[in-house]
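Just so you know, these numbers come straight off a predicted model, no measurement behind them. Each residue takes its place number in the sequence, starting with 1.
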Amino acid sequence: MSKLGNLGARLYRGEVGYDFVGKRKIWYAVSILITITAIVGLAVRGLNMGIEFEGGAVFNTPKTSASVSKAEESAEKASGHDAIVQKLGDDKLRIQIAGVDINKSDQIKKDLAKDLDVKAEDIDADLVGPSWGEQIANKAWQGLAIFMVLVVIYLAIAFEWRMAIAALIALIHDITITVGVYALVGFEVTPGTVIGLLTILGYSLYDTVVVFDSLKEQSKDITKQTRHTYSELANKSINGTLVRSINTTVVALLPVAGLLFIGGGVLGAGMLNDISLSLFVGLAAGAYSSIFIATPLVADFKEREPQMKALKKRVLAKRAAAAAKGESAEAPEREADEADDVEDDAEDAAPAVVGPRTQPASRNRGRGRPSGKRR
């Protein structure tokens, strides 16, 4: 077994672990700081909205010897707006101008044809009106709101409302950080960005549900025992699924990193940046929030219940009594766990009964002698 697999098995069995829930105030402080930074970046710099949202024009030129910088300068001069120029295959150019009056597109096309030494009729123009862009933006917000509502309803039914609220807070945390990074970096926001946001919410929700399912299983009949508090079981659930969450996140991040850094950075395929940045940041933020935000929040919510408060008092009182007798506080817990393991092994080792139920023979009877009257 690999070292990582061995570590995962030890984490699952509770032999080793890290107190994620006990140090939750640190994670809350870190998340608040990151979120504030994202909000400030969003307020100061704002989002660089694409023409799909603001309206504008996209001009695709035929093969030309003009450079990207020259085409950008010509487009800004002809339109009076900032332009984004990308070089396509066969020395073709894609010139994107947001916020431009589409009624001036013919004049802009003529000016570009003159400066880039191509024919005006060979330049393809795609025009997007501002009203259409507003409709796209509204539909994006509606889709996001519907997704959030469905998530809360599902989690409230499958688990409980406290877990649903914690998952919702974690999802909002992921969206805020991702959008804030877009504002700070200045990448253009397109429909591909919205698709990326919805995708990373699904990944984040998956990690969260895995931990919640483990916690739900371990906390069944929790008030009937005095070995663990709810927070301790929550921490055990995080540690038990930690390696799985790390493996899932790393495997998902590797191809996304290839799209972002190699496709968008090295090869210059700027269109890949629309979706790859949101996926990269969102996946990392989603893994973080599942471990450090969602489950600790559930523990905070549950520990406020009268039953959980009473359980915590009983657990601490039992440990204090054990400590007063000179016993280790972990000894009763370890012995109980070992007893449970022995009982489970005995149940697994017992042969299955097939057919009529048989009675065990008495130990004092002689070997080979009849056990008594037949029934």
Between Glu160 and Arg162, does any NZ, NE, NH1 or NH2 come within less than 4.0 Å of an OD or OE carboxylate oxygen?
yes
Taking all non-hydrogen atoms of both residues into account, name the closest pair between Leu184 and Arg45 and its distance.
O-NH1, 2.6 Å
Please enumerate all residues that pass side-chain contact (heavy atoms from CB on, under 4.5 Å) together with Val210, with sequence neighbours excluded.
Tyr206, Thr241, Arg244
Given 3.5 Å as the limit, does a donor-acceptor pair link the side chain of Thr61 with the main chain of Leu93, or not?
yes
For a quick test of reading the model, state the closest non-hydrogen atom pair linking Gln218 to Leu233 and the distance between them.
O-CD1, 3.6 Å
Evaluate Asp122 against Val118 for side chain to side chain contact (heavy atoms under 4.5 Å, CB included), listing each step before the verdict.
CA-CA 7 Å; Asp122 292 337; Val118 295; 5.7 Å; no
After noting the C-alpha distance and the side-chain angles of Leu168 and Met148, does the key distance pass the side chain to side chain contact (heavy atoms under 4.5 Å, CB included) rule?
CA-CA 7 Å; Leu168 180 62; Met148 292 292 193; 3.6 Å; yes
Kindly give the heavy-atom pair with the smallest separation between Ala75 and Ile95, and that separation in Å.
CB-CG2, 3.6 Å
Heavy-atom donor-acceptor pair, Ser67 side chain to Lys70 backbone, under 3.5 Å
yes
Quick one: does any side-chain atom of Asn60 pair with a main-chain N or O of Ala125 as donor and acceptor, under 3.5 Å?
no
Flag, side chain of Asn235 to backbone of Tyr18, donor-acceptor distance under 3.5 Å
yes
Does one hydrophobic cluster hold both Leu254 and Val256, with members joined at side-chain heavy-atom distances below 4.5 Å?
yes
Test question: given the 4.5 Å side-chain rule for I, L, V, M, F, W and Y, name all other residues clustered with Ile32, or answer none.
Ile36, Val40, Val44
Going through the distances and angles, do Val189 and Asn48 end up as a side chain to side chain contact (heavy atoms under 4.5 Å, CB included)?
CA-CA 6 Å; Val189 177; Asn48 180 20; 5.7 Å; no
Approximate separation, where rounding is to 0.5 Å, of Leu112 CG and Thr64 OG1
10.5 Å
Side-chain polar contacts of residues 279-304 - donor-acceptor pairs under 3.5 angstrom, sequence neighbours left out - could you list them?
unit_1 : atom_1 : unit_2 : atom_2 : d
Tyr288 : OH     : Trp27  : O      : 3.3
Tyr288 : OH     : Ser31  : OG     : 3.2
Ser289 : OG     : Asp174 : OD1    : 3.1
Ser289 : OG     : Asp174 : OD2    : 3.1
Ser289 : OG     : Ala285 : O      : 3.2
Ser289 : OG     : Gly286 : O      : 3.0
Ser290 : OG     : Ser204 : O      : 3.2
Ser290 : OG     : Thr208 : N      : 3.4
Ser290 : OG     : Thr208 : OG1    : 3.0
Ser290 : OG     : Gly286 : O      : 2.9
Thr295 : OG1    : Ser290 : O      : 3.4
Asp300 : OD1    : Arg24  : NE     : 2.7
Asp300 : OD1    : Arg24  : NH2    : 3.3
Asp300 : OD2    : Arg24  : NE     : 3.4
Asp300 : OD2    : Tyr28  : OH     : 2.9
Lys302 : NZ     : Glu305 : OE2    : 3.4
Glu303 : OE2    : Ser231 : N      : 3.1
Glu303 : OE2    : Ser231 : OG     : 2.8
Arg304 : NH1    : Asp300 : O      : 3.3

Linking directly or through intermediates, with side-chain heavy atoms under 4.5 Å: list the remaining ILVMFWY members grouped with Leu150, chain and number order.
Ile146
Treating Gln107 as the side-chain partner and Lys104 as the backbone partner, does any N or O pair qualify as donor plus acceptor under 3.5 Å?
no
Group every Ile, Leu, Val, Met, Phe, Trp and Tyr by side-chain heavy-atom contacts under 4.5 Å, then state whether Ile39 and Met49 land in the same group.
no
How far does CG of Asp106 sit from CG of Asp111, to the nearest 0.5 angstrom?
11.0 Å
Can you tell me how far apart CD1 (Ile169) and NE2 (His173) are? Round to the nearest 0.5 Å.
11.0 Å
For Gln225 and His228, indicate whether the former's side chain and the latter's backbone hold a donor-acceptor pair under 3.5 Å.
yes
Set of side-chain contact (heavy atoms from CB on, under 4.5 Å) partners for Val149, sequence neighbours left out
Ile153
Tell me which donor-acceptor pairs under 3.5 Å the side chains of residues 307-314 have, and how far apart each pair is, sequence neighbours excluded?
unit_1 : atom_1 : unit_2 : atom_2 : d
Arg314 : NH2    : Thr223 : O      : 3.1

On a heavy-atom basis, the closest approach of Ala164 and Ala156 is CB-N, 3.8 Å
Pair Val315-Arg227, side chain to side chain contact (heavy atoms under 4.5 Å, CB included): steps then yes or no
CA-CA 6 Å; Val315 172; Arg227 288 181 291 155; over 6 Å; no
Of all heavy-atom pairs linking Phe147 and Gly202, the shortest is CZ-N, 4.3 Å
Quick one: closest heavy-atom pair of Gly196 and Ser278, and the distance?
CA-OG, 3.4 Å
Using a 3.5 Å distance criterion without hydrogens, assess whether the side chain of Asp221 forms a donor-acceptor pair with backbone atoms of Lys224.
no
Test your reading of the model: is there a side-chain donor-acceptor pair from Asn247 to the backbone of Val243, 3.5 Å cut-off?
yes
Within 6.0 Å of CD in Glu121, more than 12 heavy atoms from elsewhere:
yes
